[in-house]
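Numbered from 1 within each chain, the chains take letters A, B, ... in sequence-line order.
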Number of protein chains: 2
Amino acid sequence: MKLTSKGRYAVTAMLDLAIRCDSGPVSLSEISERQDISLSYLEQLFARLRKANLVRSVRGPGGGYALARKAKEISVGSVIHAVNETVDATRCKGQADCQGGERCLTHTLWQDLSDRVNDFLNGISLQDLISTEQVKDVSSRQSDRAKTTDINILLQV
Amino acid sequence: MKLTSKGRYAVTAMLDLAIRCDSGPVSLSEISERQDISLSYLEQLFARLRKANLVRSVRGPGGGYALARKAKEISVGSVIHAVNETVDATRCKGQADCQGGERCLTHTLWQDLSDRVNDFLNGISLQDLISTEQVKDVSSRQSDRAKTTDINILLQV
DNA sequence: CAATACTTGACTAAAATAGTTGGTTTAATA
DNA sequence: TATTAAACCAACTATTTTAGTCAAGTATTG
């Protein structure tokens, strides 16, 4: 699972869509303007999101995109995965052609971590993000953040 | 938080270090050979890991690197963060200069997800990965994986 | 002193990211 | 029916990042 600004763009656009797709299809130019992402870049991203069956399109004037499923049934992980086709597996691919035991061990450990990150991101739905935001108030977020370590404060994701 | 192969290299190298740094410092050339990462690239990564106080170096013959703290006290998140200095914050930076309410909302939602990923990765220590691996047997891993959705099967991290 | 190994900085090739340009189809509506 | 708004498509480009190379140091041990 790669996690870069490309994925951020995709998730941001999908959230924009999730928030307002009840009132008919949403055009990419709208999202482009609201989220400040270039239109043609959005087109590229949505071509992939469509292939992954995460969005449905309506062509012609008044057309646009809508979520293919309910926001509750679309995981953040699936969105990020959809726009990152080139996945670089580890060299040994978990296969038996590792030299010695050590190299394979660290590869297995990394795989283990990867699985956890996947499970984590697949466990969060778009609706999940929207809902918590609606419930949460500013003061509680700040106290949450104060609890994290100094490392966390430096982290901008 | 960026999650790319750069971070994978760093975590892999740190795991290699964690596994064997009990018996004195480990040289980068050893790690390079075992993990199949170019020596000079490792040097760049370890320069950053050192600045982040995650490793300590011993110079001269017989020298090398050792973890600066116990494996239990080094989180995967801190390793990944250390090697990714260029963090691209969202344009609005969570500040008040967003236009309208909508753009800010999706930014806040993304920030929320970022925080969760951070907390998640900061909650996993190197020791954590090593320990679970020692306990876990192959059959249980496979049944774990079978439980995940079809999306998960496609994901290579 | 000599060998080892860390340290630093400048450089480069390849890949990915982000954006551009210029179309074509599709479908609603005036 | 002509116009128009939108998805769709493909090729291209600039920028950034990744990954790796090279070379010249510095510190330390034996």
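Applying the 4.0 Å criterion to OP1 and OP2 of C:dA16, one finds that A:K2 has every side-chain N and O outside that range. Within the structure, a side-chain polar atom (N or O) of A:Y41 is placed less than 4.0 Å from OP1 or OP2 of C:dA18. A sub-4.0 Å separation between OP1 or OP2 of C:dT17 and a side-chain N or O of A:R8 is absent.
Side-chain contact between B:D128 and A:R116: present, with at least one pair of heavy atoms (C-beta onward) separated by less than 4.5 Å. Within the 4.5 Å cutoff, no side-chain heavy atoms of A:L54 are placed close to those of A:R48. Contact annotation: the side chain of B:L121 approaches that of B:V117 to within less than 4.5 Å [non-hydrogen atoms, C-beta and beyond].
Applying the ring-ring contact (aromatic ring centres under 6.0 Å, His included) definition to pairs two or more places apart or across chains, those involving residues 19-53 of chain A are A:Y9-A:Y41, A:F46-A:Y65. For residues 10-24 of chain A, the pairs satisfying salt bridge (Lys or Arg N to Asp or Glu O under 4.0 Å) are A:D16-A:R20, A:D16-A:R34, A:R20-B:E102, with sequence neighbours left out.
Look at CG on A:L49: it is 13 Å from P on D:dA7, rounded to the nearest Å. Going from atom CG of A:D36 over to atom P of C:dG19 covers 8 Å, rounded to whole Å. Atoms CG (A:L3) and C1' (C:dA16) sit 15 Å apart, rounded to a whole Å. Rounded to whole Å, atom C1' of C:dG23 lies 15 Å from atom CD of A:Q44. Across the protein-nucleic acid pair, B:Y9 atom OH and C:dA15 atom P stand 12 Å apart, rounded to whole Å. Atom CG of A:L42 and atom C1' of C:dA18 are 11 Å apart (whole Å). For the pair A:I37 CD1 and C:dT20 P, the interatomic distance rounds to 13 Å; values are reported in whole Å. Taking atom NZ on A:K6 and atom P on D:dT16, their separation rounds to 17 Å, with Å as the unit.
B:W110 and B:T106 share no donor-acceptor pair across their side chains, judged by distance under 3.5 Å alone.
A:Y65 comes within 4.0 angstrom of sugar-phosphate atoms only, judged by non-hydrogen atoms across all strands, and of no base. Looking at heavy-atom distances under 4.0 Å, A:L39 makes no contact with the nucleic acid at all. Backbone-only engagement by A:S27 is indicated by non-hydrogen atom pairs under 4.0 Å involving sugar-phosphate atoms exclusively.
Residue side chain A:E43 reaches the base of D:dC9 through a donor-acceptor N/O pair under 3.5 Å, judged by distance alone.
Distances were taken from every side-chain heavy atom of A:S38 (C-beta onward) to each of C:dG19, D:dT18, C:dT17; the shortest belongs to C:dG19. Taking the side chain of B:R50 as heavy atoms from C-beta on, and the options C:dA10, C:dT17, C:dT7, the nearest nucleotide is C:dT7.
Annotation: of the two residues near DNA chain C, B:A47 and A:S40, the 5′-most nearest-nucleotide partner is B:A47.
A heavy atom lying under 4.0 Å from DNA chain C marks the following residues of residues 55-64 of chain A, by number: A:R59, A:G60, A:P61.
For A:T12 (side chain) and A:R8 (main-chain N/O), a donor-acceptor pair under 3.5 Å exists by modelled atom type.
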